[in-house]
Amino acid sequence: MKKSNELPKAYEPSTVEDGVYSAWEKSGVFKPQGKGAPYCIVMPPPNRTGTLHLGHATMLAIEDLMIRFHRMQVDRAWWIPGTDHAAIATQVKVEKELQKKGIKNPRQELGREKFLKKVVDFAQESRDTIVNQVKKMGSSCDWESEKYTLDEERNKAVNEVFTMMYEDGLIERGYRLVNWDPQFQTTLSDDEVETKEVKAKMLTFRYDKDFPIVISTTRPETKFGDTAVAVHPKDKRYKKYVGKTFTPTFCGKTLTIQVVADDAVDPEFGTGALGVTPAHSMIDEEIAGRHHLPMVQVIGKDARMIADEVGEGFGGLTIEDARKKVEAYLEKAGLLQSVEDVDQNLPVAQRGGAPVEQLPMKQWFVRVNKPFKLRNATLGKWKKGDKATLKELMIHAVKSKQTNIVPERFDKTYFHWIENLRDWCISRQIWFGHQIPVWYHANVCIPKKGREKDVAKCLDLIVSATKPICAFCNAEYEQDSDTLDTWFSSGLWTFSALGWPDKKKWEKNRAFHPTAVLETGYDILFFWVARMILMSTYVLGEVPFKDVYLHGLVRDEEGKKMSKSLGNVIDPLDVIPKYGTDAVRLSLVIGTSPGQDMKLSDDKIKGFRNFTNKLWNISRFVLTQVDKTEIIKSKFQIPKNATLADEWILVRLDEVTKHVTEKIQKYEFSSAGEELRDFTWNDFADWYLEIAKIESGKSEILYHVLQRILILWHPFMPFVTEYVWGLAGYEGSAITTPWPVVETKNQKLGTGNKEVKRFETLRDVVVTIRRLRADMNVEPIQKVEVVITGMKSLEDQKDMIQTLTRSSSLQFMKEIPEGWVSASAGKGMVAFNPEGTVDLKKEKARLEKELKEVENYLSGLEKKLSNTEFMKKAPKNIVEDMTAKRDEAKEKRDSIRVRVEVL
RNA sequence: GGACGCUUAGCUCAGUUGGUUAGAGCGACUCGUUUACACCGAGUAGGCCGGGGGUUCGAAUCCCUCAGCGUCCACCA
């Protein structure tokens, strides 16, 4: 072990961190230990699309904090790491990379097998990078239980749930309108579609000159697919046409247009008549559904016009070209009434940004509004066999507080999203992902011998993880080529990571589910959190996690989103070598609040780097003061010759310990860290350490306080605390040291406590003495007078001042005025005017005013405390607090009264 | 259009079912380098808590209203 005076003056994180981490990893402490209460966090799996960003770093810092805290509370803490295959995101990434290398159409050119191999290789590389970064952050996760959303076990879970849902009628195949991304040739869920504001032209026109109704649209090219014109039922202008059918010729194509009345139409907008295009607009599809209108698709998967369904000359055109051509046609034919420039919200793909088309397609859907028979007793509300919908389960999970969202206001957002939730399209036309476990019967039936009559019984479709064999004929089954939405597998994450559906593994880990908390950014509340609740309540009948902690997004100094194109990205791997992991972690945890975006700057991280260095130097100093051979390893006890300063620091230490513990439990990490920093820097380093330089015999206390500080800081800054722990020679390692439990039986803590007050007054005196020195010729006696009135007698004052100043080498006033209280103070003297030098009349007036205020305050409190209704519903601690405040105010009132009388 | 959030010191933000004199970090300014630390210490200045109204003995905090900024959802065809 190095001697502390040989330690470098500044903490050098880069020489420390890797060694500390690998020592932890080797010792096996990341695995759940002992027999405490299960405490499990399943890590939100980062996408295997490359590298981690600060959002991930935030997630890791907070989760590691919670895990370490609970591990030290001797819970069976288990943090399961993993990565997400991220289906479309990863595939897109690889396609782009391959295109850069000159392969224009990677999927066509390579074929499914070769292309998938490329994606899998890339995903593996990403995984290795990510794991490295996660370790760099100091994350104490159990690497031996690492999972992947696309590994074999997770695939089993996916197939199992798919089958269950299919059997329950919750998954069905249907020909419906879906979001289609023409760029990547796949469907998208509603959540993967964003809107972009663009300038558009709104045309007001007739289909042809004989058609009686004028309509408006920004998408004239889709009008080939119109099958109706809808008007409001009460609109007098169009009443005579409702129910009639027309056959106008629109740009060379004959349409069949019914006029229908529907409440969804706003009579005030445009002409009050809406051309209904069921195949290319969700709203129109709904209207069409109500009136049983046919659906005519005019745009194909390639985002070009379908030749058979449009007028001559329009087939094969791109949407843009067709739009221009329709407009030109209408104008030429004199059908165009007006053209107006409008702002339009264009749906675009979240990834890639291409405009999304709404097309009717045969796809797989999860039905969220369909009642089904529950397989388990669910959420304590439903019995096995009861009927409910998935939506109802999702709502009840949060309404009943079985899952708590922090901060609470996101409840509303969550409920609102669920209420508007439509069936979830889960099939994707991409290759990378869980292939849909559905098999289709080949068209040609070649009957097996003797089963000729049964051929009619051949099943068209079988849901199965493995290739089925037809009982009646020799036709082969072919698996659906589509894959599942990536969120389908992530929805199962909490329990699939714990081994479900494997019976043995699941039974072994059953106690860890529901997991303790899900910590993630609020931006994926819908994508993921809601779907995990859906899956877990459906499959297991219980919530996936007890709490949800949502952190804010990390933005740059100007509040902009960090993005590569803006060049304002702070890469965790850049700042970690510069300032150390501990500093980066602190800057992501302190000065932030849940659900609120945070701005991060280099200066902020630098500030916390300074703090880690402060802690380092505190330790260095303490270790020079301590002769470890003298320190007995038995339990720390307050020395018999303890001074007031000693008692004060120890009382504060317990107080801070208690507060920090409570705050972490309440997810108030920032506040906990701030209080701890204030104590460490202001109380311990700047004040107590200074006294310890002069007063001897403090080594035990110094050693004890340092130990406690290291423990309390450990979840926030694991590396420096662990390293110092070792240097200081404390028993074991910081990571496994039990969290201190503060005895509060005989020692009431809190700011109202008399003892604490006394010590604090004492500290104020010290501070004032320092000020006195600084302002030696200014005589700021009045301020000192205020401090002295807090003490009971002159004897007390003398005693206290002596105690204090013994520890001070400061110089004080040269001459002591008559009548002042004086005390020896090391090399000099310190003096106070007990009466103060204030104007007595002014002072009396001031006191009377103060008295009035206090009396007022007191009567308000008493009024409230005598209010029976308030007393009934008010929580105990509030009442206690108010009572204490009342007593305190009473005391103050009495003391002021006395002083007023004297004057 | 609906919902949510933000507005507090020059900057970044705390402020716990209303409580006495509104806090911290950074920055600014003054002073200080003698043995833990200049990645330091001791101090100082700086606030009509976005505007207006209300409830209350008492409001940054609760209610109403207006304004600016931001986010999400839905979308008008």
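So that the names make sense, note that chain A is the first sequence line, chain B the second, and so on, each numbered from 1.
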Sugar-phosphate only, base, or nothing, as touched by [X] at under 4.0 Å among non-hydrogen atoms:
{"X": "A:Phe526", "value": "sugar-phosphate"}
{"X": "A:Ser593", "value": "sugar-phosphate"}
{"X": "A:Ala685", "value": "base"}
{"X": "A:Leu525", "value": "nothing"}
{"X": "A:Thr218", "value": "sugar-phosphate"}

[atom1] spacing across the pair [N] / [M], given as an integer number of angstrom:
{"N": "B:G18", "M": "B:U61", "atom1": "C1'", "result": "6 Å"}
{"N": "B:G47", "M": "B:G5", "atom1": "P", "result": "30 Å"}
{"N": "B:U56", "M": "B:U20", "atom1": "C1'", "result": "16 Å"}
{"N": "B:U30", "M": "B:A22", "atom1": "P", "result": "28 Å"}
{"N": "B:G27", "M": "B:C11", "atom1": "P", "result": "15 Å"}

For RNA chain B, list all stems, counting runs of three or more consecutive pairs where every pair is Watson-Crick or G-U wobble with both distances under 3.5 Å.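 Runs of three or more consecutive pairs: B:1-7 with B:67-73, B:10-13 with B:23-26, B:28-32 with B:40-44, B:50-54 with B:62-66.
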Could you give the [atom1]-to-[atom2] distance, from [X] to [N], as a whole number of Å?
{"X": "A:Lys863", "N": "B:G19", "atom1": "NZ", "atom2": "C1'", "result": "14 Å"}
{"X": "A:Leu553", "N": "B:G70", "atom1": "CG", "atom2": "P", "result": "16 Å"}
{"X": "A:Asp602", "N": "B:C11", "atom1": "CG", "atom2": "P", "result": "20 Å"}

Below 4.0 Å: OP1/OP2 of [N] and any side-chain N or O of [X]:
{"X": "A:Lys599", "N": "B:C13", "result": "yes"}
{"X": "A:Lys606", "N": "B:G25", "result": "no"}
{"X": "A:Trp681", "N": "B:G41", "result": "yes"}
{"X": "A:Lys9", "N": "B:C37", "result": "yes"}
{"X": "A:Lys614", "N": "B:C39", "result": "no"}

Scan residues 270-279 of chain A against RNA chain B and write down, sorted by residue number, each residue with any heavy atom closer than 4.0 Å; if none is found, say none.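 Of all residues in residues 270-279 of chain A, the ones placing a heavy atom under 4.0 Å from RNA chain B are A:Leu274.
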Got a second to check how far A:Ser670's OG is from A:Lys663's NZ, nearest 0.5 Å?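 Those atoms lie 9.5 Å apart.
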Quick one: pull up CG in A:Asp582 and OH in A:Tyr11 and give me the separation to the nearest 0.5 Å.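 It comes to 5.0 Å.
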Would you kindly compare A:Trp417 and A:Pro267 by the position of their nearest RNA chain B nucleotide and give the one closer to the 5′ end? A:Trp417
A:Leu858 or A:Tyr522, whichever maps to the more 5' nucleotide of RNA chain B: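 The answer here is A:Leu858.
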Verdict with supporting geometry, A:Ile618 and A:Trp681, side chain to side chain contact (heavy atoms under 4.5 Å, CB included): CA-CA 9 Å; A:Ile618 289 171; A:Trp681 206 319; over 6 Å; no
Taking N and O atoms by type only, does the side chain of A:Asp603 place a donor or acceptor under 3.5 Å from a partner on the base of B:C26?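 In this structure, the two groups form no donor-acceptor pair.
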Measure all distances between protein nitrogen or oxygen atoms and nitrogen or oxygen atoms of nucleotides 3-6 of chain B, and list the pairs falling under 3.5 Å.
residue : atom : partner  : partner atom : Å
B:C4    : OP1  : A:Lys412 : NZ           : 2.9
B:G5    : O2'  : A:Gln596 : NE2          : 3.2

Heavy-atom closest pair, residues A:Phe716 and A:Ala672: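 Heavy atoms only, the tightest pair is CZ-CB, 4.0 Å.
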Selected nucleotide, minimal atom distance to A:Gln344 side chain, candidates B:C75, B:U71, B:A77: B:A77
